[in-house]
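Taking it in order: structure first as structure tokens, then the write-up.
Owing to the predicted nature of the structure, the values given are computational and were not obtained by experimental measurement. Each chain gets a letter, A, B and so on, in the order its sequence line appears, and its residues count up from 1.
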There are 2 protein chains.
Amino acid sequence: MHAKAVCHVLGHEQLARLGPVMHVRTLSGGAVLYHEGDRARGVFTIRQGMVKLYKLLDGRCQVTGFALPGDLIGLAQDDRYAHSVEAIEGAELCCWEQHRFCGVLNAFPPMKHAVLERSLLELATVQRQLLLLGRKTARERVATFLLQMAARVCRGRPNFIPLPMSRTDIADHLGLTVETVSRTFTALRKEGLIDLGDRRGARVLSFDGLRAVAEP
Amino acid sequence: MHAKAVCHVLGHEQLARLGPVMHVRTLSGGAVLYHEGDRARGVFTIRQGMVKLYKLLDGRCQVTGFALPGDLIGLAQDDRYAHSVEAIEGAELCCWEQHRFCGVLNAFPPMKHAVLERSLLELATVQRQLLLLGRKTARERVATFLLQMAARVCRGRPNFIPLPMSRTDIADHLGLTVETVSRTFTALRKEGLIDLGDRRGARVLSFDGLRAVAEP
DNA sequence: CGAAGTATTGATAGGGGTCAAGCTCGGTGG
DNA sequence: CCACCGAGCTTGACCCCTATCAATACTTCG
């Protein structure tokens, strides 16, 4: 939940009565916010930038998701974080102390409701990712990924998808290798579906074509 | 949330005042409870048996999970189910009418809290599955699956894992083919890690060995 | 401009998919 | 009771998609 959203639900006067429950923090690119298995002391919302959530297994990495401005991260069921978080580019976060945050949730039912809704949305997203990882080809994965990112971040220029994460991060998100991601990007470019002028972004030339590749 | 758990949180006298919010329903093996995309009218808890949750993509199938007695299914964020549900063996469910269930949640904060906790637990489980599908080998996937099932269902006989689902269901859960699942089971058997006397179950001969295969 | 990290491209190989053939076992009917 | 049948499971042979290994370009930054 974004701080603004929290304020919206609570109202500023109520929030003021709660005292200083939140503070802002900045992360530079590559900085780690917390590690999987750490005791969960804080909950965070993204204000600026992008972070990746990931799990490690003896050298192998699975990026479970990317968090963008407005996203809530760090909620844990068993007071241990279930994944690690690292900033992809400079990021700015709202930090909520864990049980203060829970206190707010308990004090304001609409907040708790909103958090539940978000968790269910997140669940649906992750389950779509299961289908991608379990059953889609490399081409389909990359095309799906581009469409997902387009849906999330393309405010303003509707064709341009910012891709601040590295090719390795994309590969680790899609269950592929860097080489396969790179080759697939090239293939989609040669087919005229995307333009890769900037390396940290892609311009979509045919959403229909991309959709056709993503879900045959 | 299991009906019993609901009763536990609410207390029977409170529940009685709510009127008939719940009824019981049985499904025979292979019966479909609902399809992905259907308008979400009900929420369900499993009383008996096992059901599979799955998503389809032009013939391909991804089983996102198996629900066991006590599990809550059918919560949707956008009033459309995010997956299909089919009974694996005869199953018995508690059915809650969707907005009645939400009414109960709103009336009893501890219930809503419990549902949030469950959703977060579910989220953590699914994210572990992302790591499995994105980064584990067939051997690791099968071994991990066996350990997961052992942790969930082995009350009583600690070594025996009931596997009421078909090999195809297991394959669709692990992002593999039936053949690979079968070959891998055979390999683990020949290595002395499991015994496959019954086809709808497995006896674990070495949990340590299985763990070593699951997470190298 | 040089160095180091990141991305692309090429050549090769292997893990798991595909296709096809037996095997098992529970159910059915003579 | 048992022969038969069919669905599900196992095993084998072969192949393909993607991983791996290696070399080359590009980009960023001191």
Set out, line by line, the N/O atom pairs under 3.5 Å between protein and nucleotides 26-30 of chain D.
residue: D/dC26; atom: O3'; partner: A/Arg199; partner atom: NH1; Å: 3.4
residue: D/dT27; atom: O5'; partner: A/Arg199; partner atom: NH1; Å: 3.3

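Put simply, CZ on A/Arg139 is 12 Å from P on D/dC17, counting in whole angstrom units. Atom-to-atom, CG of B/Leu188 to P of D/dT11 comes out at 12 Å; the value is rounded to the nearest Å. We find that CG of B/Asp198 is positioned 17 Å from P of D/dG8, with the value rounded to whole Å.
Projected onto DNA chain C by closest heavy-atom contact, A/Thr168 and A/Arg135 fall at different nucleotides, the more 5' of which corresponds to A/Thr168. Toward the 5' end of DNA chain D, the nearer of the two residues A/Gly175 and B/Leu196, judged by each one's closest nucleotide, is B/Leu196.
Within residues 176-184 of chain B, the residues that place at least one heavy atom under 4.0 Å from DNA chain D are, in residue-number order, B/Glu179, B/Ser182, B/Arg183.
Using a 4.5 Å heavy-atom cutoff, the side chains of B/Leu93 and B/Val24 are not in contact.
Rounded to the nearest 0.5 Å, atoms CG (A/Leu33) and CD1 (A/Ile73) are 5.5 Å apart. Note: B/Leu123 CG to B/Arg128 CZ = 10.5 Å, rounded to the nearest 0.5 Å.
In this structure, A/Phe145 and A/His173 have perpendicular ring planes: the angle between them is above 60°, well past the 30° mark.
Within 4.0 Å (heavy atoms only), B/Arg200 reaches sugar-phosphate atoms of the nucleic acid but no base atom.
Protein chain A contacts DNA chain C from C/dT6 to C/dA11, reading 5' to 3' and using non-hydrogen atoms of the protein with a distance under 4.0 Å.
Contact between the side-chain N/O atoms of A/Thr137 and the OP1/OP2 oxygens of D/dC17 is not found at any separation under 4.0 Å.
Judged purely by atom type and a 3.5 angstrom limit, B/Arg47 has no side-chain atom pairing as donor or acceptor with the backbone of B/Glu92.
Only one option out of B/Leu53, B/Val126, B/Asp172 pairs with B/Thr64 in a side chain to side chain contact (heavy atoms under 4.5 Å, CB included); it is B/Leu53.
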